[in-house]
Amino acid sequence: MPRPYPTYLTLLAALMGGGALPAAEPPATVGVFLDRYCSSCHNEEKLKGRLNLETLAYDPENRSNLALWVKVHDRVKAGEMPPKEKRRPEAELTGEFLQILASTLTESEQALIARDGRAVQRRLNRYEYENALRDLLHVPWAQIKNQLPQDGEAHRYNKSGEALDVSHVQMARYLTAADYALKQALRQQLDRPEPGVTRYYARDEPSLRAFMPRENGTLPDRLTFPVLDSRAQPDVRAGRAPFTSPETREREAVGKVSSTFSDAGAYSWGQFRAPIAGRYKLRFSGYSVWVSGGGIGRWFFEGQAAEKSPVYWRPVWHRPNLDEVWPGRRPEPIGVYAAAGQGQRRQVGAFDFHPEPTVNEIEVLLAAGEVMQTDGSRLFRTRVNGTDEQYVNPLAEPDGMPGYAVQWMEVEGPLADETTGAGYRLLFDDLPLRRLEDGARGVMLETVPPPPPPGTPRPPGPPSFKLAEVPVEVKSENPAQDAERLLRRFLARAYRRPVREEDVQLFLALFQGQTAKGDGFAQALLATYTAVLASPGFVFVEEAPGRLDDHALATRLALFLWNSEPDEALRARAARGDLRRPEALRAETERLLDDPKSRRFVDAFTDYWLDLRKIDDTSPSATLYNDYELDDPLKQAALEETRLFVAELLRADLPASNLIDADFTFVNERLAAHYGIPDVNGAALRRVILPADSVRGGLLTQASILKVTANGTTTSPVLRGHWITERILGFETPPPPPVAAVEPDIRGAVTIRQQLEKHRADPSCASCHATMDPPGFALESFDIMGGYRERYRAVKEDIAPVAGVGLNGQRFAFHHALPVDAAGELPDGRPFQDVREFKRLLLADEPPIARAFAKQLVTYATGQPVRFSERDQLEAILQRAAPRRYGVRSLVHELVQSDLFQMK
């Protein structure tokens with residue numbers, strides 16, 4: 001007697017038959033298929049794949065349960081189940097089973113979507129909240145994101161309500177961040193300096209005058225030194241002559257042969273501190289120099305490189321002779337930083353000093369009180385371990401070493417434009433802002449104290465300071481009327497939908513309550529504005545299940561492409577009710593993509609899609625990869641390469657296949673040297689055509705990707721392969737079964753491939769590894785920072801070590817271990833010998849590449865992955881983009897035009 005069908009079949013039959021079939025009699029094809037081909041392995045006794053079909057119910061209300069049934073469908077459709085060694089069903093039976101199951105899943109899922117919407121309601125994430133406040137209040141310099149708690153993640157993005165929780169801590173931080181941003185807008189109206197141009201000379205900077213005689217034994221490599229017309233000034237350095245003279249003022253400079261590894265030793269232009277936040281133009285004059293002193297002659301090896309015998313290094317070298325300086329032999333890249341205090345600096349620009357005097361100009365956004373720092377980013381960073389003899393300048397040559405000399409910095413600003421004061425006007429219109437007497441009750445605004453008088457002694461390094469506070473008030477002749485008028489206007493601009501009268505009355509009551517407590521007009525209104533910016537109407541994304549209305553569609557489009565709220569033009573479209581017209585929506589999408597704010601999309605999308613936000617999560621091993629330690633210029637260039645590359649695909653509508661391989665990338669001199677690309681000079685990243693035989697091209701071989709998929713010590717083809725298959729190729733793999741992890745052998749005795757061969761012999765591991773491992777093997781030719789390699793590195797090996805000096809000035813040595821084998825085989829059996837062949841095999845079929853990328857776009861744009869019942873909609877997007885070879889910009893347009901984007 002056959003055993004009864006389990007519960008899931010009864011539920012499945014009821015859904016499939018729509019009530020026409022008796023619940024106890026499921027369609028024969030379903031029952032026969034599962035009973036004959038599946039349940040023998042997926043039962044309570046064997047539990048293959050941790051799946052028991054005998055007890056599995058069909059519960060579409062449970063997303064995990066629904067996802068499990070989708071997986072059953074997909075494994076059968078892909079031919080992976082039943083396994084090839086088992087009895088296989090006839091094609092007709094399989095097709096009927098898949099058709100019935102797919103129909104059932106689709107009906108169940110669409111019913112849930114119609115009731116609840118595609119995605120859970122969510123709040124703005126940290127990126128969006130920061131940009132929304134910046135755009136609303138016209139304070140683009142405001143640093144808000146880091147004031148808020150970290151966002152949760154669902155489906156790998158910070159765009160889903162499933163992970164974006166709201167706690168009392170979150171609300172308290174919203175209030176604090178909103179208050180800060182509002183006061184930033186208010187501060188722009190107080191004591192705004194007249195724009196002008198001021199020149200600050202390097203010889204006047206205490207932090208640049210370290211060449212004066214000192215008793216603390218500062219290493220000569222870290223000292224600055226006086227330079228005049230590319231020549232040394234020994235008398236000035238020795239204190240026998242004045243460090244500046246009116247006759248030579250414009251030609252004087254201060255030189256340096258090293259960089260810094262933290263802002264503690266950075267060289268700051270402390271004479272200038274941004275008086276208010278805003279845009280400034282900075283000009284720097286300087287040139288590169290060559291300093292005598294000699295460098296490494298040769299290395300001497302003492303002892304044998306046996307396993308237990310240390311290797312001793314003794315360099316023949318000399319320190320820089322700061323009294324012998326000559327014109328430079330090449331350009332030197334200079335990094336520019338804005339610093340607010342110890343440990344608080346950010347890079348705002350870069351340029352090159354050439355052997356002849358050079359003036360470079362950059363435009364920057366500065367917060368009030370920030371000072372500027374300049375640093376020779378290519379030069380070595382003198383981290384000293386123990387005695388002075390334990391470091392070497394890796395750029396030194398037998399007759400000297402490179403350096404740079406800076407003459408002056410010019411500051412123009414704060415610069416005014418049409419947005420100057422717009423934040424204040426939104427808050428208080430043309431009502432006057434005035435200072436109050438010290439100690440008076442009012443809104444407290446931070447101000448920058450005046451600089452110390454000329455000649456005041458200051459220690460080297462970034463000068464410490466504290467912002468002062470002054471009380472202010474906004475004068476109103478009719479506070480109640482002005483408050484209501486301003487509040488209505490503010491709500492209309494802050495909220496991304498029409499304002500309801502009950503909202504206005506709620507916040508008016510709050511204003512009245514604040515004034516009743518004794519707050520002045522400005523303080524009470526700012527408190528009300530703060531409440532608006534922490535209210536659900538601003539913090540939450542309001543979308544009702546079904547088709548989005550024009551206002552919700554405008555918000556979704558702005559959050560997608562600008563990571564911010566809609567601007568006035570987009571709001572106007574929504575207010576007229578014509579945004580949902582295909583031609584209007586396409587025009588607005590194009591306008592948003594063409595705007596510089598679309599760079600926010602590139603940055604935020606790549607932060608999560610490609611994990612670029614994790615670029616600092618690991619540090620190079622001090623044992624195996626000391627040559628990468630402190631190499632921030634390489635890391636920063638690698639990060640920007642990926643973002644510029646994705647931005648270029650979007651700008652030029654280049655085919656999605658470029659994600660796998662491309663004939664161009666973006667590099668500067670440091671990154672080009674890392675990649676072995678010749679004839680690239682200077683600090684600026686630029687688009688370059690790759691050599692025909694280059695292993696680079698596409699995302700897979702970019703240094704940023706190779707770094708975030710390694711751990712700083714070793715590379716694992718399993719981890720890299722899993723990352724590539726999910727992020728780039730679109731294959732989802734289940735969590736691994738409870739088996740021991742495979743760790744690379746840093747001794748170099750056994751390759752990871754050899755270890756994996758035994759691991760993959762386990763049937764529970766083999767199926768996933770057949771998909772994951774090939775990309776990982778192809779990328780084994782790249783180390784933890786993306787450098788190309790032919791052999792692994794190891795801690796010890798019975799061969800001579802490779803010696804060198806890192807950017808930190810410390811000597812290192814590593815041993816070459818076993819050769820790298822980058823060959824592999826795709827799941828369909830096609831072999832490849834290296835990453836070039838691997839990429840060519842992938843490019844033989846472009847639609848899967850575009851499909852994987854489009855799925856990432858859908859998840860980022862809507863907060864929800866493509867569901868089973870929506871796969872046809874995804875395919876329709878791809879079909880419409882196919883004539884343009886799945887151009888990245890075309891895929892964005894077609895997504896925006898689809899129901900996936902326009903439905904909640």
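- Here the straight-line distance linking atom CG of Leu630 with atom CG of Asn808 works out to 5.5 Å at 0.5 Å rounding.
- Closest approach of Gly682 to Asn668, counting heavy atoms only: O-CB, 3.5 Å.
- Look at Arg283 and Glu412 and you find a salt bridge, because one of the NZ, NE, NH1 or NH2 atoms lies within 4.0 Å of a carboxylate O, short of that distance.
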| Which is it for Asp821 and Glu780 under the side-chain contact (heavy atoms from CB on, under 4.5 Å) test, yes or no, and what are the steps along the way? | CA-CA 7 Å; Asp821 181 0; Glu780 278 295 271; over 6 Å; no

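- The aromatic rings of Phe814 and Phe812 sit parallel to each other, their planes meeting at less than 30°, with 60° as the upper class boundary.
- Checked by atom type and distance alone, the side chain of Asp352 never pairs as donor or acceptor with a backbone atom of His354 at under 3.5 Å.
- The shortest side-chain heavy-atom distance between Pro327 and Arg231 falls under the 4.5 Å cut-off.
- Between Ile784 atom CD1 and Asn711 atom CG the span is 8.0 Å, to the nearest 0.5 Å.
- For the pair Leu379 and Tyr404, the minimum side-chain heavy-atom distance is below 4.5 Å.
- Side-chain contact between His674 and Tyr628: present, with at least one pair of heavy atoms (C-beta onward) separated by less than 4.5 Å.
- Geometrically, Arg203 does not engage Phe243 in a cation-pi contact, judged by NZ or CZ lying under 6.0 Å from the ring centre and within 45° of the ring axis.
- In summary, the side chains of Ser288 and Glu332 do not present any donor paired with an acceptor at a separation below 3.5 Å, with no hydrogens or angles considered.
- Glu629 and Ser619 form no side-chain donor-acceptor contact under 3.5 Å, judged by distance and modelled atom types alone.
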| request: Assess whether side-chain contact (heavy atoms from CB on, under 4.5 Å) is satisfied between Leu659 and Leu649, documenting all intermediate values. | output: CA-CA 9 Å; Leu659 298 171; Leu649 301 187; 3.5 Å; yes

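- In this structure, Phe838 and Leu779 have side chains that are not in contact, with every pair of non-hydrogen atoms separated by 4.5 Å or more.
- The shortest non-hydrogen separation linking Lys256 to Leu223 is CD-O, 3.8 Å.
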| request: Kindly indicate, with the supporting measurements, whether the criterion ring pair (Phe, Tyr, Trp, His ring centres under 6.0 Å) is fulfilled by Phe782 and Tyr788. | output: CA-CA 5 Å; Phe782 302 94; Tyr788 188 80; 5.7 Å; yes

| said: For a side-chain contact (heavy atoms from CB on, under 4.5 Å) check, start with the C-alpha distance between Asp611 and Trp723, then their side-chain angles and the critical distance, and finish with the verdict. | reply: CA-CA 10 Å; Asp611 284 335; Trp723 192 97; 3.0 Å; yes

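- Within 6.0 Å of CD on Glu356 lie more than 12 heavy atoms contributed by other residues, nucleotides or ligands.
- The closest donor-acceptor contact from the side chain of Ser694 to the backbone of Arg696 lies under 3.5 Å.
- Under the 3.5 Å distance criterion, with hydrogens and angles disregarded, a donor-acceptor pair is assigned to the side chains of Ser259 and Asp375.
- Annotation for Gly809 and Pro394: closest pair CA-CD, 4.5 Å, computed over non-hydrogen atoms.
- Between the side chain of Arg720 and the main chain of Leu706, a donor-acceptor pair closer than 3.5 Å is present.
- Side chain of Asp783 to backbone of Gly787: a donor-acceptor contact under 3.5 angstrom is found.
- Leu634 contributes atom CG, which lies 9.5 Å from atom CG of Asp632 (distance to the nearest 0.5 angstrom).
- For the side-chain contact (heavy atoms from CB on, under 4.5 Å) criterion with Ser230, the lone passing option out of Tyr287, Trp326, Trp290 is Tyr287.
- The residues Arg670 and Asp631 are annotated as salt-bridged, a charged nitrogen and a carboxylate oxygen being separated by less than 4.0 angstrom.
- Residues Ala253 and Gln407 share a closest heavy-atom pair of CB-CG, 3.7 Å.
- Not a single donor-acceptor pair under 3.5 Å links the side chain of Glu324 to the backbone N or O of Gly293.
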| query | When you look at Asp617 and Lys707, which way does the salt bridge (charged side-chain N to carboxylate O under 4.0 Å, His left out) test go after all the steps? | reply | CA-CA 10 Å; Asp617 282 8; Lys707 184 180 190 305; over 6 Å; no

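- A donor and an acceptor atom, one from each side chain of Glu250 and Tyr201, are located under 3.5 Å apart.
- Residues Trp269 and Val411 form no side-chain contact, since every pair of their non-hydrogen atoms from C-beta on lies 4.5 Å or further apart.
- Using cut-offs of 30° and 60° on the angle between ring planes, the pair Phe272 and Tyr200 is tilted.
- A salt bridge links Arg651 and Glu648; the closest N-O separation between the charged side-chain nitrogens and carboxylate oxygens is under 4.0 Å.
- Phe664 and Phe645 have tilted rings, their planes meeting at an angle from 30° to 60° on a 0 to 90° scale.
- Here the CZ atom belonging to Arg199 is positioned 12.0 Å from the CG atom belonging to Asp204, to the nearest 0.5 angstrom.
- Note on Asp607 versus Arg613: no salt bridge recorded, every NZ/NE/NH1/NH2 to OD/OE distance being 4.0 Å or above.
- A donor-acceptor pair shorter than 3.5 Å can be found between the side chains of Glu641 and Thr665.
- Using a 4.5 Å heavy-atom cutoff, the side chains of Phe353 and Asn360 are in contact.
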| field | Test log, rule side-chain contact (heavy atoms from CB on, under 4.5 Å), inputs Val371 and Arg273 | value | CA-CA 5 Å; Val371 299; Arg273 191 177 290 279; 3.5 Å; yes

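- Side-chain atoms of Ile724 and Leu700, non-hydrogen and from C-beta on, do get closer than 4.5 Å to each other.
- Salt bridge present: Asp834 and Arg836 bring a charged side-chain N and a carboxylate O closer than 4.0 Å.
- One finds the CD atom of Gln347 at 4.5 Å from the CD atom of Gln636 (value rounded to the nearest 0.5 Å).
- A heavy-atom distance below 4.5 Å is found between the side chains of Ile615 and Ser704.
- Listed here is the closest heavy atom pair of Arg791 and Ala817: NH2-O, 2.7 Å.
- Rounded to the nearest 0.5 Å, atoms CZ (Arg378) and CD1 (Ile334) are 10.0 Å apart.
- The shortest heavy-atom contact between Lys839 and Val695 is NZ-O, 3.2 Å.
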